[in-house]
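Shown next, in structure tokens, is the structure this report addresses.
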Amino acid sequence: MSGKLEVRGLDVVFDGFRAISDLDLTVEPGELRFLIGPNGAGKTTLIDVVTGRTRPASGSVRFNGQELVGRREHRIVRLGIGRTFQTSVVFEQLTVLENLDLAASFRRPLAGLLRRRRGVSDQVSRALDTTGLADLAYRPAGVLSHGQRQWLEIGMLIVQQPSLLLLDEPVAGMSRSERDRTGELLREVAKDHTVMVIEHDMEFLRRFASTVTVLHEGKLLCEGTVAQVQADPRVQQVYLGRAREETTEPLVQEASS
Ligand code: ADP
Ligand code: MG
């Protein structure tokens with residue numbers, strides 16, 4: 001399986017503000033990696049750099065050995081990297097199936113046209129199954145629940161056949177049962193993709209994460225299993241310090257229980 005991501009010595013600077021500092025990170029092919037850290041830690045920025053949206057001041061990002069820094073976004077998509085955004089990108093008036101079909105055709109426009117003549121492609125029907133949205137295939141995306149919409153977005157990535165998926169807070173705003181369903185979905189997807197997920201919810205992490213990377217103020221704070229990360233005094237300090245300002249910090253509630 002391909003999909004290895006290697007970040008080395010990464011620095012990202014916005015108008016003199018250092019959003020990422022000397023970051024090293026390796027994600028192995030087929031890994032389901034979780035990335036956590038307080039607001040402003042640089043998590044989304046890291047995804048922006050990997051996908052070519054933001055250019056780093058220095059450092060290297062290799063994907064299957066190929067340097068990504070300096071490549072345009074669409075070239076990086078073509079190398080097999082897909083991402084979701086914190087805001088939704090589905091077309092509400094189109095059906096679930098049409099959204100998937102459209103996403104599938106983004107990567108290979110001609111193949112998309114040919115496919116449409118033949119009906120539902122294998123990729124699209126597989127994505128409907130994987131995401132559990134088959135029964136909703138002919139419903140407009142606008143009627144989906146928040147959770148279903150997130151699953152559709154993940155489906156829209158899968159049909160583009162990336163080897164690395166970068167998911168920015170996919171379970172934010174979901175109910176507990178939607179979170180569980182999403183965790184199962186991510187496990188399923190990670191069977192044949194490398195997946196990096198930004199998420200904060202410790203209960204979710206404990207159930208579905210193996211390796212967790214913690215960012216803080218643009219630096220790698222620590223990395224390990226959920227238990228190791230939770231027991232790390234530096235992580236507790238970062239989240240505890242924050243907890244005095246933000247009363248709803250999941251890590252702290254979990255760490256003290
Ligand atoms: P996270 O996703 O971990 O909450 P971000 O990566 O979005 O954090 O942001 C990290 C820091 O970089 C924040 O302080 C944010 O304000 C800043 N930042 C992010 N993107 C930009 C940008 N395009 N211009 C200026 N500052 C930015
Ligand atoms: Mg973010």
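Numbers for residues simply follow the sequence, beginning at 1.
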Could you measure the distance from the [atom1] atom of [X] to the [atom2] atom of [Y]? Nearest 0.5 Å is fine.
X: Leu157; Y: Leu165; atom1: CG; atom2: CG; result: 5.0 Å
X: Thr95; Y: Asp101; atom1: OG1; atom2: CG; result: 8.5 Å
X: Thr225; Y: Leu205; atom1: OG1; atom2: CG; result: 11.5 Å
X: Met196; Y: Leu46; atom1: CE; atom2: CG; result: 4.5 Å
X: Ile20; Y: Leu215; atom1: CD1; atom2: CG; result: 7.0 Å
X: Leu79; Y: Thr51; atom1: CG; atom2: OG1; result: 12.5 Å

Smallest separation among heavy atoms of [X] and [Y], with atom names:
X: Ser163; Y: Phe63; answer: OG-CZ, 3.2 Å
X: Phe204; Y: Arg179; answer: CE1-O, 3.1 Å
X: Leu152; Y: Ala141; answer: CD2-CB, 3.9 Å
X: Ala104; Y: Val124; answer: CB-CG2, 4.2 Å
X: Asn64; Y: Ser2; answer: ND2-CB, 3.6 Å
X: Leu32; Y: Phe208; answer: CD2-O, 3.8 Å

Test of understanding: clusters of I, L, V, M, F, W, Y form through side-chain heavy atoms closer than 4.5 Å, transitively. Do [X] and [Y] belong to the same one?
X: Leu100; Y: Tyr138; answer: yes
X: Leu102; Y: Val143; answer: no
X: Phe14; Y: Leu23; answer: yes

Side chains of [X] and [Y]: donor-acceptor distance under 3.5 Å anywhere?
X: Glu178; Y: Ser145; value: yes
X: Arg126; Y: Ser121; value: no
X: Glu223; Y: Thr213; value: yes

Is the number of heavy atoms from other residues, nucleotides or ligands within 6.0 Å of CZ (Arg139) greater than 12?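 No, because the 6.0 Å sphere around CZ of Arg139 holds 12 heavy atoms or fewer from other groups.
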
More than 12 heavy atoms of other residues, nucleotides or ligands under 6.0 Å from CZ of Arg187: yes or no?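 Atom CZ in Arg187 is packed in, count exceeds 12.
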
Salt-bridge test for [X] and [Y]: reply yes if a basic N is under 4.0 Å from a carboxylate O, no otherwise.
X: Arg83; Y: Glu73; value: no
X: Glu92; Y: Arg149; value: yes
X: Asp168; Y: Lys43; value: no
X: Arg206; Y: Glu203; value: yes

Could you check if a side-chain atom of [X] sits within less than 4.5 angstrom of a side-chain atom of [Y], using non-hydrogen atoms only?
X: Val238; Y: Val214; value: no
X: Asp180; Y: Arg176; value: yes
X: Val90; Y: Leu144; value: no
X: Leu221; Y: Asp232; value: no
X: Val12; Y: Pro56; value: yes
X: Thr194; Y: Lys4; value: no
X: Thr211; Y: Glu28; value: no
X: Pro140; Y: Gln93; value: no

Using atom types as modelled and distance alone, determine if a side-chain donor or acceptor of [X] lies under 3.5 Å from a backbone N or O of [Y].
X: Asp48; Y: Arg53; value: no
X: His146; Y: Ala172; value: yes
X: Glu199; Y: Asp201; value: yes

Name the one of Arg8, Arg62, Glu31, Glu6 that satisfies side-chain hydrogen bond (donor to acceptor under 3.5 Å, both in side chains) with Thr26?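 By the side-chain hydrogen bond (donor to acceptor under 3.5 Å, both in side chains) criterion, Thr26 pairs with just one of Arg8, Arg62, Glu31, Glu6: Arg8.
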
For the pair Gln66 and Arg71, evaluate side chain to side chain contact (heavy atoms under 4.5 Å, CB included) and give the outcome as yes or no after the intermediate values. CA-CA 10 Å; Gln66 285 185 286; Arg71 284 183 204 251; 3.6 Å; yes

Derivation and outcome, side chain to side chain contact (heavy atoms under 4.5 Å, CB included), residues Val229 and Cys222: CA-CA 7 Å; Val229 158; Cys222 73; 4.0 Å; yes

Given the rule in the side chain to side chain contact (heavy atoms under 4.5 Å, CB included) test, do Met202 and Val226 qualify, once you have shown the distances and angles that lead to the verdict? CA-CA 8 Å; Met202 278 318 273; Val226 180; 3.8 Å; yes

Apply side chain to side chain contact (heavy atoms under 4.5 Å, CB included) to residues Asp24 and Leu220 and explain how you reach the verdict. CA-CA 7 Å; Asp24 291 342; Leu220 191 128; over 6 Å; no

